[in-house]
Protein chains: 2
Amino acid sequence: MMLDERKKNILESVIKDYVETAEPVGSRAVVKKHKLKISAATVRNEMADLEEMGYLEQPHTSAGRIPSESGFRYYVDCMMEKERLCNEEIDLLYTIIQDNIQEWDKVIHHIGNFLSGVTNYASFIVVPSVKSSDFKFLQVIPIEQGKALLILVTDIGIIMHRKIDIPESIVPEDLYIIGKLFNQAFQGKKLEQINRTDLQLIRDNLKKRRQVIDTALDTIDGLVGNYDEEQVIISGALNILNQPEFKDLDKLKRILTLLEEDVLLKNVIPEPEGHEVDITIGKENIAEDIKEMSVVIAGYKSFGEMGKIGVIGPVRMEYWKAAGSVESVRSIIEDLFKLR
Amino acid sequence: MMLDERKKNILESVIKDYVETAEPVGSRAVVKKHKLKISAATVRNEMADLEEMGYLEQPHTSAGRIPSESGFRYYVDCMMEKERLCNEEIDLLYTIIQDNIQEWDKVIHHIGNFLSGVTNYASFIVVPSVKSSDFKFLQVIPIEQGKALLILVTDIGIIMHRKIDIPESIVPEDLYIIGKLFNQAFQGKKLEQINRTDLQLIRDNLKKRRQVIDTALDTIDGLVGNYDEEQVIISGALNILNQPEFKDLDKLKRILTLLEEDVLLKNVIPEPEGHEVDITIGKENIAEDIKEMSVVIAGYKSFGEMGKIGVIGPVRMEYWKAAGSVESVRSIIEDLFKLR
DNA sequence: ATTAGCACTCAATAAAAGAGAGTGCTAACA
DNA sequence: TGTTAGCACTCTCTTTTATTGAGTGCTAAT
């Protein structure tokens with residue numbers, strides 16, 4: 001439905017005020033604050049209309065209006081201008097990234113922190129599973145009597161390692177040879193395709209080596225299995241402590257628990273639909289647990305897989321800032337992946 | 001000061017009741033609940049004495065008594081019997097450890113989770129810095145054109161890695177040789193002792209290799225610097241949401257922020273004094289931020305360095321359970337280090 | 001030394017009163 | 001016909017007052 005200019009103005013005023021103060025907004029306040037050239041009475045009439053249309057609601061008869069979820073939806077769809085990061089913010093983020101570029105995990109965490117910092121909402125980043133990245137390199141390094149370290153590197157630079165037990169009789173040269181075998185056999189394969197049938201070469205090997213090869217294969221299974229699932233990085237969950245809508249301790253507890261546990265959060269994050277920033281408001285969320293939260297989310301491409309990044313906060317959210325920030329950070333991340 | 005048996009009984013009753021209910025405890029309640037063979041009036045007299053001695057206090061004249069911090073202190077020092085983990089709990093912990101034994105980081109996190117789980121308070125583990133552990137092994141692995149992965153392993157099995165840039169002209173064999181050089185030069189040295197003066201061998205090398213060696217040394221500096229500081233692992237911070245003393249949102253926010261930020265928490269953790277479990281109650285804590293919390297902490301030895309493990313919770317804490325659990329987990333950790 | 005009895009205290013809860021923000025409606029106005 | 005001033009009305013929020021009840025301290029009896 002199309003609203004006329006005046007109704008739009010009023011809706012926007014109510015939204016901006018309400019988002020800022022978390023209080024119902026009265027007709028007088030709208031006129032004053034936004035210097036409209038009409039009287040409070042007129043605004044009241046328009047507000048009554050907007051309420052009838054479902055874009056505003058009244059907590060009780062003698063209170064001001066607050067935007068309904070449909071009101072926010074209309075605003076987001078038809079009126080909102082995303083407020084992207086300013087240059088200082090972008091520079092700051094790039095600096096942070098550069099300072100930690102060698103340590104991939106850290107970079108992701110810092111990006112999360114940054115996003116929750118600029119928006120004041122909780123941020124999340126879903127890093128896609130690595131199972132379809134390529135095997136790059138494997139080595140088994142002796143570290144002490146009977147123990148060795150198995151190191152596996154993927155093409156996108158993820159390093160997994162685990163300690164394994166080896167027979168006492170194995171000497172470093174054996175391990176070197178084993179590493180070589182693996183590298184030959186698996187060069188360029190997807191991690192998920194690695195399996196023991198590829199290793200007929202086992203037959204040609206000494207029994208003790210064969211034993212290590214078996215252990216190694218088991219370990220690789222375990223490692224890949226571990227990294228098999230998407231990883232969720234959460235930052236700034238405590239930001240919700242600032243939201244008056246969560247002054248109720250029970251509610252607070254539910255949401256905080258959700259936001260602290262990556263597993264829980266993952267179940268609740270909506271799927272981004274297109275290549276745009278996607279917004280789900282309150283009850284639009286399918287997951288029961290966040291029916292009074294809003295999620296702003298964008299997908300990003302990294303080596304063929306889709307990752308997700310976004311923020312989660314109260315329905316009374318600065319959607320313009322959140323959507324703009326998520327959009328900016330998304331494109332910075334995609335840049336980053338291109339560079340690597 | 002020594003209390004007679006009856007006063008002790010009453011003090012203990014008040015403490016047990018108050019810890020459970022978080023409400024002031026009246027004379028009648030004490031008699032009833034703990035089936036003492038004396039009347040409420042007598043208890044009142046004794047309570048008045050205990051209050052004079054500073055072990056109990058009254059929120060207001062017509063309320064019951066609550067234990068003062070000195071009261072808790074007396075109880076902890078002179079009466080408490082630590083309630084160590086039961087066999088099922090110990091078995092559970094060992095199972096958890098065994099299931100993750102290959103991944104050191106995970107094990108620590110699981111221990112933290114376990115401790116906060118059994119106590120219902122926030123747990124922390126301070127892992128000592130690794131700078132005085134021994135250099136064990138270094139390798140530089142080519143991963144793509146112009147990039148290599150530097151991997152450094154210490155004697156206690158800590159694995160650090162970072163990507164480095166290398167000149168295009170370097171071939172895998174060069175890297176192999178460089179690794180060998182490092183291994184010869186640094187074998188068995190403490191990480192903190194590694195420095196470039198040990199590497200006169202640089203001179204004997206090609207210029208391009210020398211360049212890599214320099215990069216590698218810089219990287220090692222960075223890595224060791226990173227691991228230089230103690231690491232703090234926090235679990236179960238959200239447990240304080242269950243404590244009625246933190247129903248005040250501001251207080252809650254302060255404490256939660258503290259408990260979520262390892263850096264902040266580290267500044268606040270008291271030093272364990274002896275080899276015993278150490279308890280600091282409320283204002284006994286030096287750090288301003290936790291003057292209304294109590295800390296139960298124990299040191300543990302790991303390869304000559306001291307680590308710390310403990311829980312932090314409200315002054316109204318089940319000290320017997322907390323102290324016992326920390327003690328049990330401490331000895332399990334020390335066992336663990338002996339095994340490795 | 002212990003205890004029953006009782007007046008007293010004080011927070012917590014409930015009920016009543018008052019204040020204020022904001023509305024909807026009516027009637028006047030451009 | 002759309003806009004606006006005026007005003008009675010509504011309903012929450014705050015303040016005030018009353019009520020309740022748990023628990024004490026003191027006194028006097030055992």
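Quick note on labels: first sequence line is chain A, next is B, and so on, each numbered from 1.
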Relative to the 5' end of DNA chain C, which residue comes earlier, B:Pro59 or B:Arg6, by the nucleotide with the nearest heavy atom?
-> B:Arg6
B:Ser328 and B:Ser325 side chains, donor-acceptor separation under 3.5 Å = no
From the list A:Glu57, A:Glu51, A:Glu23, salt bridge (Lys or Arg N to Asp or Glu O under 4.0 Å) with A:Arg65 holds only for A:Glu51
Thinking salt bridges, do B:Asp49 and B:Lys7 make one under a 4.0 Å N-O criterion?
-> yes
Among side-chain atoms of B:Asn242 and A:Lys253, is any donor-acceptor pair under 3.5 angstrom?
-> yes
Check whether any side-chain nitrogen or oxygen of B:Ser39 sits under 4.0 Å from OP1 or OP2 of C:dT2, and answer yes or no.
-> no
Reading nucleotides 21-30 of chain C 5' to 3', which nucleotides get B (base under 4.0 Å from a protein heavy atom), which S (sugar-phosphate only), which -?
-> BSBB------
Using the salt bridge (Lys or Arg N to Asp or Glu O under 4.0 Å) rule, pick out the option among A:Lys291, A:Arg316, A:Lys283 that qualifies with A:Glu69.
-> A:Lys283
Let me know the distance between CD of A:Glu23 and P of D:dC13, rounded to the nearest Å.
-> 9 Å
